[in-house]
Amino acid sequence: MSAAQAGDFLRALAMHNPAPETELRYTTPFTLLVAVVLSAQTTDAAVNRCTPALFAAAPGPVEMAALGAEGIAPFIRTIGLWQGKAKNVAALCSLLVERHGGEVPTDRAALEALPGVGRKTANVVLNVAFGESTMAVDTHIFRLGNRTGLAPGRTPREVEDGLVRRCPAELLRDAHHWLILHGRYVCKARRPECWRCPAATHCNYGDKVAAPG
DNA sequence: ATCCCGAGGG
DNA sequence: CCCTCTGGAT
């Protein structure tokens, strides 16, 4: 699809943003970073259930590092991959203290050097906490970008670059979040529900999908 | 049963 | 490229 059409597509989705708060509920770079690291392969609800107690016990990287993996684990046993995440968060916080003066680094290379932080997580932090024009691409956004023609690409990185180029600047903040939700609940891997899609008029994929009935 | 709002490792 | 780690949602 054309760049103009892509802009209309994204504006239509943004207007019907199903989750206006999202990651923005984590108001500091540190809490955001930890919450996003915990989010892998789990739901927001599961993460949001355990983070209040975790951050009450360890408000900053110094306290979190002091807890260690053994101390962190009890707070996050209800979410997926908790063993690895407990180790990652503990190691990550030690590095924040030792190498970055207890601050979350603002550059991609330093972020991605932290345990448990890959390109997707780094992009979320750069975008939400530091206002960078990044797009965090997960499996949903990868599929959506290709299926709709919004940002086709053979690799997640190609889709990411296409989306950053085509997303209207004023929508870029936290755009990954409503795109992911749209991919999860409407533009699903199986049985996409195009009849519920607010951007359907800007996408030709719906021609291949029958309405229910 | 199957897939994930991933990352790290072989 | 493939696998594994985990609880939860469907």
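Sequence lines set the chain letters: A, B, ... in the order given, protein chains first and strands last, and positions in each chain run from 1.
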Span that lies between the [atom1] atom of [M] and that of [N], in whole angstrom:
N     : M      : atom1 : result
C:dC3 : B:dC4  : P     : 15 Å
B:dC3 : C:dT4  : P     : 15 Å
B:dG6 : C:dT10 : P     : 16 Å

*Do A:R165 and A:D161 sit within salt-bridge range, that is, some charged N less than 4.0 Å from a carboxylate O?*
no

*Charged N-O contact under 4.0 Å between A:E160 and A:R119*: yes

*asked:* Whether A:W82 contacts C:dC5 is assessed here as follows: a side-chain N or O lying under 4.0 Å from the phosphate OP1 or OP2. Is that the case?
replied: no

*asked:* Does a side-chain N or O of A:Q41 approach OP1 or OP2 of B:dG6 to a distance below 4.0 Å, or not?
replied: yes

What is the separation between atom [atom1] on [X] and atom [atom2] on [N], rounded to the nearest whole Å?
X      : N     : atom1 : atom2 : answer
A:N123 : B:dG6 : CG    : P     : 14 Å
A:D44  : B:dC4 : CG    : C1'   : 13 Å
A:I180 : B:dC3 : CD1   : C1'   : 15 Å
A:K87  : C:dC5 : NZ    : P     : 11 Å
A:I76  : C:dG7 : CD1   : P     : 11 Å
A:L38  : C:dG7 : CG    : P     : 14 Å
A:L81  : B:dC4 : CG    : P     : 14 Å

Side-chain ([X]) to main-chain ([Y]) donor-acceptor, under 3.5 angstrom:
X      : Y      : value
A:K87  : A:A69  : no
A:R108 : A:A122 : no
A:S39  : A:V37  : no
A:D174 : A:H177 : no
A:K85  : A:G80  : yes

What are the atom names and distances for every N/O pair under 3.5 Å that joins the protein to nucleotides 7-10 of chain B?
residue, atom, partner, partner atom, Å
B:dA7, OP1, A:G118, N, 3.2
B:dA7, OP1, A:T121, N, 2.9
B:dA7, OP1, A:T121, OG1, 2.4
B:dG8, OP1, A:G116, N, 2.8

_Could you check whether A:N146 and A:Y205, counting side-chain N and O atoms only, form a donor-acceptor pair closer than 3.5 Å?_
no

*How would you list, by chain and number, every residue that makes a salt bridge (charged side-chain N to carboxylate O under 4.0 Å, His left out) with A:E170, sequence neighbours excluded?*
A:R11

At a cut-off of 3.5 Å, list every protein nitrogen or oxygen paired with a nitrogen or oxygen from nucleotides 8-10 of chain C, distance to 0.1 Å.
residue, atom, partner, partner atom, Å
C:dG8, OP1, A:T78, O, 3.2

